[in-house]
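We name chains A, B, ... by the order of the sequence lines, and we start the count at 1 in each one. Everything numeric in this text was worked out from a predicted model, so none of it was measured.
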Protein chains: 2
Amino acid sequence: MASSARRGPYFCGIDAAMDVVAGKWKSLILWELHHHGTRRFAELRRGLPGVSEKMLVQHLREMEEDGLVHREVYREVPPKVEYSLTEHGVSLNAALAPLGAWGTERMARIGAAKVSVDA
Amino acid sequence: MASSARRGPYFCGIDAAMDVVAGKWKSLILWELHHHGTRRFAELRRGLPGVSEKMLVQHLREMEEDGLVHREVYREVPPKVEYSLTEHGVSLNAALAPLGAWGTERMARIGAAKVSVDA
DNA sequence: TCAGGTACTCACCAAAAAGTAAGTACGGCT
DNA sequence: AGCCGTACTTACTTTTTGGTGAGTACCTGA
């Protein structure tokens, strides 16, 4: 029950891809990691205003299982864990780019607000 | 409460796009409509094995609200309603294509099964 | 006459996803 | 001594999502 009940039979490629990106914060995590290269847990948390620690851990674990992110643990005294995109994570991000462009256009069309995030 | 509580402030374009595609069957509806051009309600239902009438109606309504699909009602005696993609629906589908390709690759990688659908 | 097809709506229920709040082990800083 | 920060885990609750099955109004074909 730790991981998700996914990887099921898919209707098509989009279905398979959506399975992996589904989750309130997953695409944002992807973006954050792509943008910053490597991030620590607390950095991600701060970069994603509103995310709960539980969801962040959960999503990161699933994305690790799905081969999208790499988790590097440093056995140090204040714990340190670094997350980064794997090759598959990078290619997924690239595949997501046109969708992002479409979404940006849509935001302009409907005049949607943007969540303010500071780098 | 009929429609969805969406269109909220978005973090980025992907967020905005995902909002519109989120839902178990939406991407499949998009694909079905793109593939066949125009489809009646029952045709869609038959093309999406496993979808419930409730969800199909609900998703179609939301997609109509979001300007992705066009709903043409013929006031005839056995009711007839035709659904087709709008310009925005078509462009969303195009933006989804690379994601679909990525997903297809992933299916091959992990050896995921495909749901059997007959045309 | 009666099942079957059209395109739905409605009420109810189950499951999944996400949020909340607390706890944990350890050290540094003040 | 006491609080902050690290990176989590755990239990519990709420919200959201999706599924089930019935009902509707009308017509067609067997």
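In this pair, B:W31 and B:H35 present their aromatic rings parallel. The plane angle is below 30°, not in the 30 to 60° band. Ring orientation note: the planes of B:W25 and A:F11 are nearly perpendicular, at an angle over 60° on the 30°/60° scale.
Nearest-nucleotide assignment on DNA chain D puts the 5′-proximal partner with A:R40, out of B:S52 and A:R40.
Side-chain atoms of A:K54 come within donor-acceptor range of the base of C:dA18, with a qualifying N/O pair under 3.5 Å.
Computed from coordinates, the B:Y74 OH to C:dG5 P distance equals 23 Å when rounded to whole Å. Rounded to whole Å, atom P of D:dA7 lies 15 Å from atom CD of A:E64. A straight line from NZ of B:K80 to C1' of C:dA7 spans 13 Å, rounded to a whole angstrom. As rounded to whole Å, 8 Å separates atom P of C:dA7 from atom CZ of B:R45. We find that CZ of B:R71 is positioned 16 Å from P of C:dT6, with the value rounded to whole Å. Remark: P of D:dT17 and NZ of B:K24 are 14 Å apart, rounded to the nearest angstrom. Remark: C1' of D:dT10 and CD of A:Q58 are 12 Å apart, rounded to the nearest angstrom. Protein atom CD of B:E76 is 12 Å distant from nucleotide atom C1' of C:dA7, rounded to whole Å.
The existence of a salt bridge linking B:E82 and B:R71 is excluded, since no basic side-chain nitrogen approaches an acidic carboxylate oxygen closer than 4.0 Å. A salt bridge between A:E62 and A:K26 is present, with a side-chain N of the basic residue lying under 4.0 Å from a carboxylate O of the acidic one. B:E32 and B:R39 are joined by a salt bridge, as a carboxylate oxygen and a charged side-chain nitrogen come within less than 4.0 angstrom of each other.
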Under 3.5 Å, N/O pairs linking protein and nucleotides 23-30 of chain C:
none

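Once rounded to the nearest 0.5 Å, the distance linking CE of B:M18 with OG of B:S27 reads 9.5 Å.
Counting any heavy atom pair closer than 4.0 Å across all strands shown, A:Y83 reaches sugar-phosphate atoms only and no base atom.
Evaluation of the salt bridge (charged side-chain N to carboxylate O under 4.0 Å, His left out) rule for A:E64 yields no partner, not counting sequence neighbours.
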